[in-house]
Amino acid sequence: MSKDIYILGIESSCDETSISVVKNGREVLSNIVSSQIDIHKLYGGVVPEIASRNHIKNIDYVYKEAIEQAGICPKDLDAIAVTYGSGLMGALIVGVSFAKTLAYILNKPLIAVNHIEGHIAANYITHPELKPPFVSLVVSGGHTALFNVKSYTEKSLIDSTCDDAIGEAFDKVARECGLEYPGGPNVQKQAAIGEANIDFIKKPQSKNLAFSYSGLKTAVINYIHNKTQKKEPYSVPDICASFQKQAVEIVSTRAVDSCKKAGVKSLVLGGGVSANKYLREDIEQRCKKLGINVYYPELKLCGDNGAMIATMGYYMYKEKKGFAGLDLAPNPNIPLQ
Ligand code: KG4
Ligand code: ZN
């Protein structure tokens, strides 16, 4: 029998400080997530400088708890995997510096993980039978992109938004409606009691163009401003239901089309917005008719977490990819490819 592999995964790209130990890529021994949501809520969104300061404050005890809960001795780890991008520069620096220090003092390999690939890898934890190839849709606060995932460590970009990310649009619409950050879950709650009866987008987006969220977001903001100026009442639940339906339609139609074009029968979702109930149901309904299986991570693995980074790190370790030296620098904008 081959030796068990233990990977420590570190994530600090935005407002979650998270460290996890994962055994053999799929068994989570610990996954500690320290969220700063309550702090950033006060400002209506993530403040990069405050995020970095809180990562510094928290990362030590998150590490200690991750190691303790996993019941492992640090010297028994096989590698240290860390998100090196994309994300907020100051926030990434904290995780990367911590990872480099650990790799140095423990004399372990350091693996540089792309945050987007981590979101896709979260599915390997929830679905032990899942294997590439598949099409993946990553929908988060920073990304909206479709990939052909050819193997555990190879992917190619099919399409991505040319402006805002879907999560960013959820957050902006929420703010305009007076809902708290993070907007996505609050828009979902309001949408559940509203009617999707407002047409913010008059024409469906052309399949030949890159998809876009800025137009839809602006249409919602203009609608609210218009109503406010005219002192007319408007319904937040109806706005949320209409926005959510139209936002989801943009990604779900393209995701399904991409599966058809690639001749692939598995569609894998990832990222914070993949927690959205309406999005899951809409995509499942479309895929069912075509015999495409839909996979998404369990709710606690949709948002940013160290376990998804450890899992991605495991496959990179096995294939000897992404090994980095102590000169590893964070990259806030890794090109999508
Ligand atoms: O993946 P994530 O935690 O961080 C980034 O990598 O960006 O995604 C955060 C995004 C936020 O925009 C948040 O509003 C959105 O995911 N989100 C949701 C839901 N839960 C989180 N959007 C729609 N519906 C949800 N239930
Ligand atoms: Zn993320």
Side-chain angles (χ1 to χ4, degrees), residues 9-18 20 31 33-37 40-41 44-46 48 51 55 82-88 91-92 95 113-123 136-145 160-161 164-177 179-192 194 213 216-217 220 239-241 243-252 269-283 296-309 311-312 330 332-334 336:
I10 303 177
E11 160 61 37
S12 73
S13 66
C14 191
D15 59 345
E16 261 93 31
T17 321
S18 180
S20 160
N31 187 25
V33 183
S34 166
S35 174
Q36 304 174 14
I37 281 180
H40 297 284
K41 225 178 224 177
V46 178
H55 284 310
V82 63
T83 302
Y84 80 106
S86 302
L88 302 170
L92 289 165
V113 177
N114 178 337
H115 184 76
I116 284 202
E117 292 177 0
H119 273 307
I120 299 170
N123 285 278
S136 184
L137 170 68
V138 178
V139 277
S140 70
H143 297 287
T144 311
S160 72
T161 175
D164 296 345
I166 183 170
E168 204 180 334
F170 265 94
D171 292 339
K172 295 265 164 62
V173 165
R175 190 149 76 175
E176 209 58 35
C177 289
L179 305 171
E180 272 190 337
Y181 175 84
N186 291 322
V187 168
Q188 178 181 309
K189 263 190 223 147
Q190 290 293 315
Y213 277 95
L216 174 60
K217 179 195 75 182
V220 177
I239 291 173
C240 290
F243 162 76
Q244 180 177 261
K245 181 167 181 274
Q246 286 161 59
V248 164
E249 197 172 344
I250 296 171
V251 274
S252 45
L269 313 182
V273 184
S274 69
N276 187 275
K277 199 164 171 272
Y278 180 84
L279 178 131
R280 291 176 171 206
E281 286 169 2
D282 186 71
I283 291 190
Y296 33 78
E298 60 203 282
L299 280 180
K300 65 173 188 246
L301 296 178
C302 286
D304 296 344
N305 65 87
M308 68 187 200
I309 303 304
T311 293
M312 190 58 214
N333 298 303
I334 300 176
L336 295 169

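Quick caveat: nothing in here was measured; it's all calculated off a predicted structure. Quick note: numbers below take in every heavy atom, side chains included, and nothing from hydrogens, waters or symmetry partners. Counting starts at 1 for both ligands and their atoms, following the listed order.
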Short question: side chain of [X], backbone of [Y] - any donor-acceptor pair under 3.5 Å?
X	Y	result
S140	G271	no
Q36	A51	yes
E11	E16	no

Is the distance from the Zn ion (ligand 2) to the nearest N/O/S atom of H119 under 2.8 Å?
yes
Quick check for you: with the Zn ion (ligand 2) as the vertex, what angle do OD1 of D304 and NE2 of H115 span, to 10°?
90°
Show the nearest heavy-atom pair for residues [X] and [Y], with the distance to one decimal.
X	Y	answer
Q190	C240	CB-SG, 3.7 Å
S274	R280	O-NE, 2.6 Å
Y213	T161	N-OG1, 4.0 Å

Which of the atoms in ligand 1, numbered in the order shown and given with their element, are less than 4.0 Å from a heavy-atom of [X]?
X	result
G303	3 (O)
G141	5 (C), 7 (O), 8 (O), 9 (C), 10 (C), 12 (O)
D171	11 (C), 12 (O), 13 (C), 14 (O)
G167	12 (O)
H119	1 (O), 6 (O)

Does any non-hydrogen side-chain atom of [Y] lie less than 4.5 Å from one of [X]?
X	Y	value
L269	V139	no
N31	L301	yes
D304	S18	no

Could you establish whether [X] and ligand 1 come within less than 4.0 Å of each other, counting only heavy atoms on the residue side?
X	result
G142	yes
Q244	no
K277	no

For [atom], what is the nearest protein heavy atom, given as residue, atom name and distance?
atom	value
atom 24 (N) of ligand 1	N276 ND2, 2.9 Å
atom 15 (C) of ligand 1	V273 CG2, 3.8 Å
atom 2 (P) of ligand 1	D304 OD1, 3.4 Å
atom 21 (C) of ligand 1	G272 O, 3.4 Å
atom 26 (N) of ligand 1	Q188 OE1, 2.9 Å

Hey, does G184 come in under 3.5 Å of ligand 1, counting only N/O atoms on both sides?
yes
Should P182 be counted as touching ligand 1, given the test is an N or O pair under 3.5 Å?
no
Should the heavy atoms of other residues, nucleotides or ligands under 6.0 Å from CZ of R175 be counted, would the total exceed 12?
no
Between H55 and T17, do the side chains contain an N or O donor and an N or O acceptor separated by less than 3.5 Å?
yes
Taking non-hydrogen atoms only, is H115 closer than 4.0 angstrom to ligand 1 via side chain, backbone, both or neither?
side chain
